[in-house]
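As structure tokens, the structure follows; a few thoughts come after it.
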Amino acid sequence: MTDETPDNTAQMASPSYRLPALDQDFLLGDSMRGVRFLLEYAKAEEALRAWGVRSTIVVFGSARVKPGQPWYETARAFGRLASERGGALDGEVGDLRNNVIATGGGPGVMEAANRGAMEIGAPSVGFNITLPHEQEPNAWSTPELTFRFHYFAMRKMHLAMRANALVVFPGGFGTFDELFELLTLRQTDKAPPIPIVLVDRDYWTTVINFEALAEHGMIARRDLDLMGFADDAEGIWRELLVRGLKPHENLE
């Protein structure tokens, strides 16, 4: 028997002794996937509420489009126009803002739309995703509204849940993914009747034969009315208005 204090170094160093909130190995483990999902929801939600972002216009398109190219400049012009006319400039931080430009936060078309908003002093949102080939945020989204997600599902939820409209420029698989996500939500009445506009009719009707889907009975013919087409910034805005977008108001 000894009166010496036993050495508790092993206990202090054990991963089980770490505070759960500070234990990265625990937080990144399989059992905490639901918690991580909640964190991705809550972090972005808190920032969006702080900036008064009540509704958005989601702009998607190829990350490969370069400045100076027509699709890039059209997206840039639309970002300016929609931010000026839609309600993104209605207030200061903390006031409610509507129809704020929101993108996937990357380069190309997404950068262009964020850039257009920034050029007139409007906030805009960038919902980035962690990819194997790292995608960095573009330099034009509002820093405090530039987010990074691990889960595509949570990113999609944030893109959809405040959307007053979806504007889709030419793009590839990622663009198709977002387009058909919103089209499916609209077709099944899981989302409000938001206007969806595809930019550059020639592109979209070449790469996707929407008419054939209806002809083969894969969709109802009325589903073709879920979307419209436009070719320039003013045309996009007009089509959104025709399809029910309310400037300076959130969609009920």
Side-chain angles (χ1 to χ4, degrees), residues 44 48 53 55-67 69-89 97-120 122-129 135 137-142 145-147 149 155-156 158-183 185-186 191 194-201 203-204 227-241 243 245 247 251:
L48 290 162
V53 179
S55 62
T56 61
I57 295 177
V58 175
V59 180
F60 244 77
S62 176
R64 304 183 183 195
V65 174
K66 304 298 182 186
Q69 294 180 337
W71 291 329
Y72 184 102
E73 297 307 325
T74 299
R76 182 177 175 183
F78 177 74
R80 288 195 301 267
L81 184 156
S83 296
E84 185 175 31
R85 300 180 188 176
L89 290 170
R97 300 172 187 268
N98 294 297
N99 301 313
V100 174
I101 293 292
T103 78
V109 165
M110 296 171 285
E111 170 190 307
N114 288 130
R115 184 175 182 176
M118 188 281 301
E119 287 172 337
I120 65 161
S124 69
V125 185
F127 292 116
N128 290 264
I129 188 78
Q135 173 183 295
N138 69 64
W140 307 101
S141 59
T142 300
L145 297 175
T146 299
F147 307 107
F149 294 87
R155 181 196 192 213
K156 286 182 177 181
H158 270 296
L159 280 163
M161 65 186 294
R162 283 180 168 82
N164 262 0
L166 175 66
V167 177
V168 190
F169 283 76
F173 290 164
T175 304
F176 291 0
D177 183 41
E178 189 61 29
L179 169 61
F180 283 104
E181 175 86 9
L182 267 295
L183 283 174
L185 290 173
R186 281 293 302 110
I194 65 171
I196 299 172
V197 176
L198 309 187
V199 181
D200 194 334
R201 180 189 291 269
Y203 175 85
W204 286 108
M227 62 199 133
F229 297 90
D231 294 308
D232 56 32
E234 287 286 352
I236 298 167
W237 186 250
R238 285 195 302 271
E239 187 69 15
L240 291 176
L241 296 180
R243 290 179 170 272
L245 180 72
L251 192 64

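Worth saying up front: this structure is predicted, and the values here are computed from it rather than measured. Computation of the quantities below employed the complete heavy-atom set of this structure, encompassing side-chain atoms and omitting hydrogens, waters and symmetry-equivalent molecules.
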Please report the closest heavy-atom contact between [X] and [Y], naming both atoms and the distance.
| X | Y | value |
| --- | --- | --- |
| Ala191 | Arg186 | O-NH1, 3.5 Å |
| Val167 | Val199 | CG1-CG2, 3.7 Å |
| Arg243 | Glu239 | NE-OE2, 2.7 Å |
| Ala233 | Thr74 | N-CG2, 3.8 Å |
| Ser141 | Gly126 | CB-N, 4.0 Å |
| Ala163 | Leu159 | CB-O, 3.6 Å |

With the side chain counted from C-beta on, respond yes when [X] and [Y] share a heavy-atom pair under 4.5 Å apart, and no when they do not.
| X | Y | answer |
| --- | --- | --- |
| Pro67 | Arg76 | no |
| Lys156 | Asp177 | yes |
| Leu241 | Pro247 | yes |
| Phe78 | Val197 | no |
| Leu245 | Ile57 | yes |

Which value, rounded to the nearest 0.5 Å, describes the distance between [X] atom [atom1] and [Y] atom [atom2]?
| X | Y | atom1 | atom2 | value |
| --- | --- | --- | --- | --- |
| Leu179 | Leu198 | CG | CG | 5.5 Å |
| Glu119 | Glu84 | CD | CD | 12.0 Å |
| Arg115 | Glu73 | CZ | CD | 7.0 Å |
| Phe127 | Leu145 | CZ | CG | 8.0 Å |
| Leu166 | Leu240 | CG | CG | 9.5 Å |
| Arg80 | Ile101 | CZ | CD1 | 11.5 Å |

**Asked** For the residue pair Tyr203 and Trp71, does the interplanar ring angle fall in the parallel (under 30°), tilted (30 to 60°) or perpendicular (over 60°) class?
**Response** perpendicular
**Message:** Just to verify, which of Val59, Thr56, Asn114 counts as forming a side chain to side chain contact (heavy atoms under 4.5 Å, CB included) with Ser124?
**Reply:** Asn114
Whether the side chain of [X] engages the backbone of [Y] through a donor-acceptor N/O pair (distance < 3.5 Å, no angle test) should be reported.
| X | Y | result |
| --- | --- | --- |
| Thr142 | Val125 | no |
| Asn138 | Gly105 | yes |
| Arg97 | Ala88 | yes |

**Message:** Less than 4.0 angstrom from a charged side-chain N to a carboxylate O is my criterion; do Arg155 and Glu181 meet it?
**Reply:** no
**Prompt:** In this structure, which one of Phe176, Phe229, Phe169 forms a ring-ring contact (aromatic ring centres under 6.0 Å, His included) with Trp204?
**Reply:** Phe176
**Prompt:** Can you list the steps and then say if Phe149 with His158 is a ring-ring contact (aromatic ring centres under 6.0 Å, His included)?
**Reply:** CA-CA 10 Å; Phe149 294 87; His158 270 296; 5.6 Å; yes
